[in-house]
Number of protein chains: 2
Amino acid sequence: MKTITRKEEIIEVAALLFKEKGYSAVSMRDIAAKLNMKAASLYNHIHSKEEILAVLILEVAEAFTQGMETVQNSEISSLDKVVLLIEQHIEITLKHARAMAALNNDWVHLRVDNRNEFVLKRDAYEMNFRKIIQKGISKNEFKPLHPELILFSILSTLRNLHLWHEKRGKLEVNVLKKEMTAVLINGIV
Amino acid sequence: MKTITRKEEIIEVAALLFKEKGYSAVSMRDIAAKLNMKAASLYNHIHSKEEILAVLILEVAEAFTQGMETVQNSEISSLDKVVLLIEQHIEITLKHARAMAALNNDWVHLRVDNRNEFVLKRDAYEMNFRKIIQKGISKNEFKPLHPELILFSILSTLRNLHLWHEKRGKLEVNVLKKEMTAVLINGIV
DNA sequence: GTCTATAGTGGGATAGAC
DNA sequence: GTCTATCCCACTATAGAC
């Protein structure tokens with residue numbers, strides 16, 4: 001039995017609203033209204049609007065960082081590493097569905113310190129992903145395309161998964177993983 | 001010699017700022033400051049902040065709609081249609097680079113009438129794209145994957161091209177078209 | 001066409017009663 | 001832990017002088 005605190009409730013509701021309208025367009029009054037309370041009462045549970053955003057974003061960023069470490073430490077081919085990263089990305093997206101929009105768009109509104117922490121993590125993740133692709137190319141596991149283009153194509157698809165999954169998706173997780181990997185790795189023809 | 005009006009100048013600067021912080025986080029003061037003027041003066045050229053957003057978004061939406069018509073009217077295979085759509089998407093992205101962020105994220109802040117117009121166009125575009133994919137699958141030009149997943153994978157990559165192109169890109173257009181098509185159609189292995 | 005001044009609204013956040 | 005009341009500030013937009 002997992003009990004959910006008021007603070008978690010606030011963050012959850014806020015994430016939903018951020019997803020719909022973006023961080024800046026959501027007011028503390030909006031968040032409070034969805035919880036049938038007044039804006040002032042929110043401040044008994046959180047310190048600021050920005051804190052909500054920071055919790056949301058940094059939690060997921062940490063999950064990605066952890067995942068990348070696991071993958072790097074496993075001794076498998078570059079191709080298998082990429083497959084693993086794709087599957088992991090799907091898992092994290094499904095688990096933190098509500099936070100993904102903030103992660104993609106609203107991180108710019110973090111306070112400097114939190115923003116720096118996030119950007120460092122994100123850049124490190126991308127760099128490590130790029131290295132795996134480069135190694136794969138040099139070992140002839142991947143086609144000799146620009147690594148940046150491969151990285152970009154995979155990441156932009158995965159980073160928007162949350163948009164699509166709620167609208168059409170609801171594919172069973174394993175089917176989703178399988179087909180997504182197939183499309184990203186082997187193409188569509 | 002193309003002369004640029006003050007109105008166009010305002011829209012251009014606004015687009016840049018919207019891209020950085022999102023529509024809601026950009027104030028008329030911000031826009032004015034970048035043009036060395038006062039916010040009040042903007043209103044001699046535009047009627048409202050929302051008008052700027054509407055011009056930006058609806059112009060690009062129209063370009064996509066036109067492009068889709070051209071493709072539909074050409075008598076080529078489904079595969080060639082998809083290739084054409086990808087190339088077109090790249091061209092439009094490069095031409096309207098500054099508007100792409102608003103198109104992806106800020107359309108929610110359009111007034112109802114403009115928002116409806118946009119959503120209709122976008123949905124029609126996606127529906128037509130989906131039909132092309134479905135036909136391609138039924139003719140064995142594409143693998144028998146979920147059409148939604150193929151559509152999503154292609155579109156999310158293309159819709160984020162603007163993010164990547166400014167950061168790393170600057171590939172020559174034809175190289176970009178060629179490699180992007182290769183990745184999206186044939187995969188990376 | 002740009003300015004100053006300002007109206008009118010709504011934002012984040014705090015104080016203090018209950 | 002929630003409320004009312006309120007502070008102070010920033011926002012969009014308008015009026016009217018130059």
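In the text below, chain A, chain B and the rest are named by the order of the sequence lines, each starting its count at 1.
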* Decide yes or no on salt bridge (charged side-chain N to carboxylate O under 4.0 Å, His left out) for B/Glu126 and B/Arg159, but give the supporting numbers first. => CA-CA 12 Å; B/Glu126 287 184 10; B/Arg159 283 177 178 164; 2.9 Å; yes
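- Rounded to an integer number of Å, the gap from A/Arg111 CZ to C/dA13 C1' is 15 Å.
- B/Thr181 pairs with exactly one of B/Asn186, B/Leu176, B/Val83 by the side-chain contact (heavy atoms from CB on, under 4.5 Å) rule, that one being B/Val83.
- Here the options are A/Glu87, A/Glu91, A/Glu172, the test is side-chain hydrogen bond (donor to acceptor under 3.5 Å, both in side chains), and the partner is A/Lys177; only A/Glu91 passes.
- Taking atom CZ on B/Arg29 and atom C1' on D/dA13, their separation rounds to 10 Å, with Å as the unit.
- OP1 or OP2 of D/dC3 sits under 4.0 Å from a side-chain N or O of A/Ser41.
- If you measure from atom OH of B/Tyr43 to atom P of C/dT6, you get 19 Å, rounded to the nearest angstrom.
- As a whole-Å value, the separation of A/His109 NE2 from D/dA10 C1' is 15 Å.
- Salt bridge absent: B/Lys135 and B/Glu141 never bring a charged side-chain N and a carboxylate O closer than 4.0 Å.
- The side chain of A/Ala40 lies closest to C/dA15, out of D/dA13, C/dT4, C/dA15.
- Distance B/Leu42 CG to C/dG1 P: 13 Å, rounded to the nearest Å.
- Look at NE2 on A/His47: it is 13 Å from P on D/dG1, rounded to the nearest Å.
- OP1 and OP2 of C/dC3 both lie 4.0 Å or more from every side-chain N or O belonging to B/Lys38.
- Here the P atom of nucleotide D/dG1 and the CG atom of A/Leu35 are 14 Å apart, to the nearest Å.
- If you measure from atom NZ of B/Lys49 to atom P of D/dT12, you get 5 Å, rounded to the nearest angstrom.
- B/Ser27 comes within 4.0 angstrom of sugar-phosphate atoms only, judged by non-hydrogen atoms across all strands, and of no base.
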